[in-house]
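Contents: one structure, followed by commentary.
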Amino acid sequence: MVYYEHLARSFAHTQLESGGTFPMTKQDILIIHGTDYKEMAKQILTRADVAALIGDRDKQVALKPNLASANSPSTGATTHPQLLAGTIEYLQEHGFHQISVIEGAWVGDRTDLAARAAGCDKVCRAYNVPFYDLQKDSWKEYDAQGMNIRLCDRAAAADYIINMPVLQGHCQTLITCALKNNKGLLPNMEKRRFHTLGLHRPIAHLNTLIPDSFILVDNICGDLDFEEGGNPVVMNRVLGFLDPVLCDAYVCDCMGYAPDDVEYIRLAEALGVGSADLSTANIIPLNEDCLPDRKMEMPRRVRTLAAYTAPKDACSACYGSLIYALDRLSDAGLLRRNLPPVSIGQGYKDKTGEIGVGSCTSCHQKHLKGCPPKAADIVDFLRENWAE
């Protein structure tokens, strides 16, 4: 895949040095690394000039986190409260006061318990922002380009939605991010119906009803393959998009899938929701250097995959991409004993070795460049040079 990273970096740096913002387009992907999540959220929103995108300060701005289940964000299941705090601060500092947080947990769980487990309730109280439980909301039925869909009234009343999904795996749809996160805007009866219809087609049609929005992606520690969490993969990144289809296509790339592997992405593209063409995407990093994560706590499943690696001062985003790639190779039955460990991390700069991933391993006999490389590219590289 071809990304115009050099041009995007130069453009972003020019803007950063001048202290200004830039007119974000639907082809742009904003990326920031770090651990000060509240400040990272504010920097993404500032760089995108979301205040200008929204316009009128009297508009109803709704924040839609992922609070599908009553699980802590540290499990990889739900949106980190610091991102919510940073978003609210940004909006209030720019004169927006018609702000709300809206969400409906999945069927079988309670939204109030999910908000409490994620710390969302405390953030709303601290900033005097109302939280609306959409499981208790009224709804109306709408024609979503040929499919009738029931949508909660609070969601329909929003002038602008800031979608705050978690980049994570999903047991039924492989990935879940921007497009599927909007399922939380439905009444419970409609969520049940979506499952009877197979999820993909109704998710695509649902997104034709969503107003203009910004997507602030929590890529801090999303789960490996299960939306309820339990196997978080530490990435310590926050991403920004205007196009939900491009967002989910990029998520596929990050997790080692192709957009065609997730049916609702292509269906949403065909309905005009957005574009999955990553070849025209502009990746715009807001900071270049990723600090090594020296506190990389891993659950058992991730540790099993990590046994095939030899990290030395590895950055979270680079190492997380490798873990996702190894999971895809495991799915394909290609992981076996006696494979040489894959080198990764800044500790390998100017060091020789057998096989490495990331630009820091450029002196290895076989290596894949990238800072960080994408999981999809790592899968291809390891298939050719390591696993087979």
Side-chain angles (χ1 to χ4, degrees), residues 64-69 71 75-79 103-109 114 144-145 147 149 151 163-186 188 190-210 213 215 217-219 221-233 235 239 241 243-271 273-276 278 301 320 323-325 327-328 330-332 374-376 379:
K64 168 51 178 86
N66 179 348
L67 305 174
S69 60
N71 290 288
T75 67
T78 51
T79 303
E103 171 66 312
W106 62 16
V107 178
D109 217 329
Q145 291 199 25
M147 177 179 284
I149 290 179
L151 184 68
N163 186 356
M164 304 177 68
V166 178
L167 189 161
Q168 60 187 159
H170 190 274
C171 64
Q172 292 175 276
T173 59
L174 297 183
I175 68 103
T176 174
C177 201
L179 293 165
K180 189 174 178 298
N181 195 44
N182 285 323
K183 186 166 164 276
L185 304 176
L186 305 172
N188 278 355
E190 193 70 333
K191 293 172 190 168
R192 293 189 187 96
R193 189 172 77 97
F194 269 39
H195 282 273
T196 66
L197 295 173
L199 283 180
H200 289 279
R201 180 168 168 263
I203 285 172
H205 282 268
L206 165 62
N207 279 273
T208 67
L209 299 177
I210 306 303
S213 59
I215 303 137
V217 178
D218 181 338
N219 188 202
C221 64
D223 192 83
L224 194 63
D225 60 3
F226 187 41
E227 64 276 19
E228 201 170 354
N231 287 292
V233 178
M235 299 287 279
L239 314 175
F241 298 82
D243 184 338
V245 176
L246 185 71
C247 172
D248 284 13
Y250 184 73
V251 168
C252 286
D253 221 28
C254 290
M255 297 185 67
Y257 297 111
D260 287 343
D261 293 333
V262 182
E263 185 181 358
Y264 65 71
I265 294 177
R266 290 302 183 189
L267 290 172
E269 183 179 44
L271 289 168
V273 176
S275 171
L278 290 170
R301 172 100 179 272
I323 293 297
Y324 280 124
D327 196 43
R328 300 290 76 73
S330 178
D331 291 342
K374 300 179 292 294
V379 170

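Positions are given from 1, in the same order as the sequence printed here.
A 4.5 Å side-chain heavy-atom check between R193 and P202 finds every atom pair outside the cut-off. Y324 has its side chain out of reach of V379: every pair of non-hydrogen atoms, C-beta onward, lies at least 4.5 Å apart. Counting heavy atoms from C-beta outward, P244 and N163 have side chains that stay 4.5 Å or more apart. With contacts defined as side-chain heavy-atom distances shorter than 4.5 Å, the pair T75/F226 does not qualify. Counting heavy atoms from C-beta outward, R301 and D225 have side chains that approach closer than 4.5 Å. Within the 4.5 Å cutoff, the side chain of P165 has heavy atoms near those of the V217 side chain. Counting only heavy atoms from C-beta outward, the side chains of K183 and L199 approach each other to under 4.5 Å.
Residues N71 and A77 come closest through the heavy atom pair CB-CB, 3.9 Å. Residues L267 and A204 approach most closely at CB-CB, 3.6 Å, considering heavy atoms. Between T78 and V166, the closest heavy-atom pair is C-CG2, 3.4 Å. Residue L224 comes nearest to D327 through the heavy atom pair CG-OD2, 3.6 Å, listed as atom of the first residue, atom of the second, then distance. Considering all non-hydrogen atoms of both residues, C252 and I175 come closest at SG-CG1, 4.1 Å. The shortest non-hydrogen separation linking I149 to A144 is CD1-CB, 3.9 Å.
Residues D248 and K180 are not paired through a salt bridge, judged by the lack of any N-O separation under 4.0 Å between the basic side chain and the carboxylate.
Between atom OH of residue Y257 and atom CG of residue D331 there is a gap of 5.5 Å, rounded to the nearest 0.5 Å. A distance of 9.5 Å separates CG in D243 from OG in S213, rounded to the nearest 0.5 Å. L174 CG to I265 CD1: the interatomic distance, rounded to the nearest 0.5 Å, is 9.5 Å. Note that the CD1 atom of I203 and the OG1 atom of T173 stand 6.0 Å from one another [nearest 0.5 Å]. A distance of 10.0 Å separates CG of L209 from CG of L185, quoted to the nearest 0.5 Å.
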Decide side-chain contact (heavy atoms from CB on, under 4.5 Å) for M164 and K64; before the verdict, give the C-alpha distance in whole Å, the side-chain angles of both, and the deciding distance to 0.1 Å.
CA-CA 6 Å; M164 304 177 68; K64 168 51 178 86; over 6 Å; no
Working note: L206 + L179, criterion side-chain contact (heavy atoms from CB on, under 4.5 Å); need CA distance, chi angles, decisive distance, verdict.
CA-CA 9 Å; L206 165 62; L179 293 165; over 6 Å; no
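For K374 (side chain) and Y250 (main-chain N/O), no donor-acceptor pair under 3.5 Å exists by modelled atom type. Not a single donor-acceptor pair under 3.5 Å links the side chain of Q145 to the backbone N or O of H205. Remark: the backbone N or O of G230 is paired with a side-chain donor or acceptor of D223 at under 3.5 angstrom. Remark: the backbone N or O of G104 is paired with a side-chain donor or acceptor of K191 at under 3.5 angstrom.
Within the structure, every pair that satisfies the salt bridge (charged side-chain N to carboxylate O under 4.0 Å, His left out) test and touches residues 255-267, not counting sequence neighbours, is listed here: D260-R266, R266-E269.
In summary, of the residues considered (T176, D218, N66), a side-chain hydrogen bond (donor to acceptor under 3.5 Å, both in side chains) with Q168 occurs for N66 alone.
Side chains of N207 and N182: a donor on one and an acceptor on the other come within 3.5 Å.
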